[in-house]
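Notes follow once the structure below has been shown.
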Amino acid sequence: LCIGTASHGLMNRRWSGVYRLARAAVVHLAGWRSKRAAFSSDSKMADRATERQLLAGFHDLEQKKWRWTKRLSAVVLQPPLGSKRYGATLRVNLFIPSVSIRTLGPITLSAQAEDIVLSPETFAKEGTYSYLRKIPAALFRGTLLPVVLTFDKAIVSPDPGARELAAVVDEVALEQQRFDLVGDED
């Protein structure tokens with residue numbers, strides 16, 4: 001068992017490569033829009049209809065509801081209504097198992113949408129979390145938005161063919177921005 005980590009420069013090159021792959025996939029997938037069911041702004045790992053939106057770095061479905069991710073993974077999401085005007089919120093529902101914390105220590109997740117790197121979040125304890133980040137309206141130029149998820153560490157077994165395991169994810173979604181109405185008291 002070894003711990004996979006990446007230096008900042010190497011991570012930027014890997015991110016760039018995964019992101020280029022994600023952008024190319026968006027161009028390819030955009031041609032499918034008229035032939036197949038619409039893409040979703042909510043990719044639940046258990047939903048086979050959104051499985052084609054998982055571009056890279058997601059392992060097979062387990063227990064019919066979640067997937068392990070690799071250190072780098074990519075998904076493409078349809079922007080929700082109003083996102084070109086108001087932006088949206090990226091939500092990643094994940095679980096950090098105790099074995100990961102014991103083996104790796106705190107694990108940090110960050111994401112990239114279009115050319116913007118979203119702020120990281122570090123998880124120091126086992127548990128269920130939601131990584132939430134606002135995405136500005138200016139990023140919603142096209143009909144699909146590629147999102148690259150990056151964990152700073154993953155468990156990597158030295159066995160040939162072994163999986164790289166960063167975290168357990170059950171959903172990646174873009175949600176409409178919510179606004180509190182001010183002065184709307186009756």
> Step by step, would you call Val169 with Phe95 a side chain to side chain contact (heavy atoms under 4.5 Å, CB included)?
Replying inline: CA-CA 6 Å; Val169 173; Phe95 176 73; over 6 Å; no
Quick check: closest heavy atoms across [X] and [Y], and the distance to 0.1 Å?
X	Y	result
Asp42	Ala173	OD1-CB, 3.6 Å
Gln176	Leu81	NE2-O, 3.1 Å
Leu145	Ala113	CD2-CB, 4.1 Å
Arg71	Phe151	CG-O, 2.5 Å
Ala166	Ile107	O-CD1, 4.2 Å
Pro106	Lys153	O-NZ, 2.6 Å

> Would Lys134 and Leu118 count as a side chain to side chain contact (heavy atoms under 4.5 Å, CB included) if you check the C-alpha gap in whole Å, the side-chain angles of each, and the deciding distance to 0.1 Å?
Replying inline: CA-CA 8 Å; Lys134 291 188 181 193; Leu118 305 173; over 6 Å; no
> Less than 4.0 Å between a side-chain N and a carboxylate O, is that true for Glu121 and Arg133?
Replying inline: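 Here Arg133 pairs with Glu121 in a salt bridge, since their nearest N and O are under 4.0 Å apart.
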> Are Glu171 and Lys44 ion-paired here, with the side-chain N under 4.0 Å from a carboxylate O?
Replying inline: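 Yes, charged N to carboxylate O under 4.0 Å.
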> Step by step, would you call Arg67 with Glu51 a salt bridge (charged side-chain N to carboxylate O under 4.0 Å, His left out)?
Replying inline: CA-CA 11 Å; Arg67 297 172 189 268; Glu51 190 170 44; 2.8 Å; yes
Roughly how far, to the nearest 0.5 Å, is the [atom2] atom of [Y] from the [atom1] atom of [X]?
X	Y	atom1	atom2	value
Gln78	Thr50	CD	OG1	12.0 Å
Thr150	Leu72	OG1	CG	4.5 Å
Asn93	Asp170	CG	CG	5.0 Å
Glu175	Leu90	CD	CG	9.0 Å
Leu165	Trp68	CG	CH2	5.0 Å
Tyr131	Arg91	OH	CZ	14.0 Å

>> Side chains of Thr108 and Thr122: any donor to acceptor distance under 3.5 Å?
In response: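 Yes, because at least one side-chain N or O of Thr122 sits under 3.5 Å from a partner of the opposite role on Thr108.
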>> So, using side-chain contact (heavy atoms from CB on, under 4.5 Å) as the criterion, who are the partners of Lys65 when residues are at least two apart?
In response: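 Partners of Lys65 by the side-chain contact (heavy atoms from CB on, under 4.5 Å) criterion, ordered by chain and then number, come out as Ala46, Gln63.
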Do [X] and [Y] have side chains that approach each other closer than 4.5 Å (heavy atoms only, starting at C-beta)?
X	Y	value
Ser40	Gln53	yes
Ile116	Ile135	no
Leu77	Leu144	no

Could you check whether any side-chain N or O of [X] sits under 3.5 Å from a backbone N or O of [Y], counting only pairs where one atom can act as donor and the other as acceptor?
X	Y	result
Ser100	Ile96	no
Gln177	Ala88	yes
Glu114	Phe140	no

>> Test side chain to side chain contact (heavy atoms under 4.5 Å, CB included) on Val148 and Ser73; report intermediate values, then the result.
In response: CA-CA 6 Å; Val148 175; Ser73 56; over 6 Å; no
>> Can you confirm whether Asp159 is buried at CG, in the sense that more than 12 heavy atoms of other residues, nucleotides or ligands lie under 6.0 Å from that atom?
In response: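 Yes, CG of Asp159 has more than 12 neighbouring heavy atoms, counting only those of other groups under 6.0 Å.
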>> With a sphere of 6.0 Å drawn around CZ of Arg141, does it hold more than 12 non-hydrogen atoms of other residues, nucleotides or ligands?
In response: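 Correct, the count exceeds 12.
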>> Checking Leu109 against Leu94 for the side chain to side chain contact (heavy atoms under 4.5 Å, CB included) test, could you report, in this order, the C-alpha distance in whole Å, the side-chain angles of both residues, the deciding distance, and whether it holds?
In response: CA-CA 10 Å; Leu109 168 62; Leu94 65 146; 4.2 Å; yes
> Is there a salt bridge (charged side-chain N to carboxylate O under 4.0 Å, His left out) between Glu164 and Lys70 once you walk through the steps?
Replying inline: CA-CA 5 Å; Glu164 178 182 275; Lys70 295 181 180 180; over 6 Å; no
> Distance under 6.0 Å and angle within 45° of the ring axis: does Arg52 meet both against Phe39?
Replying inline: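 That pair qualifies as a cation-pi contact.
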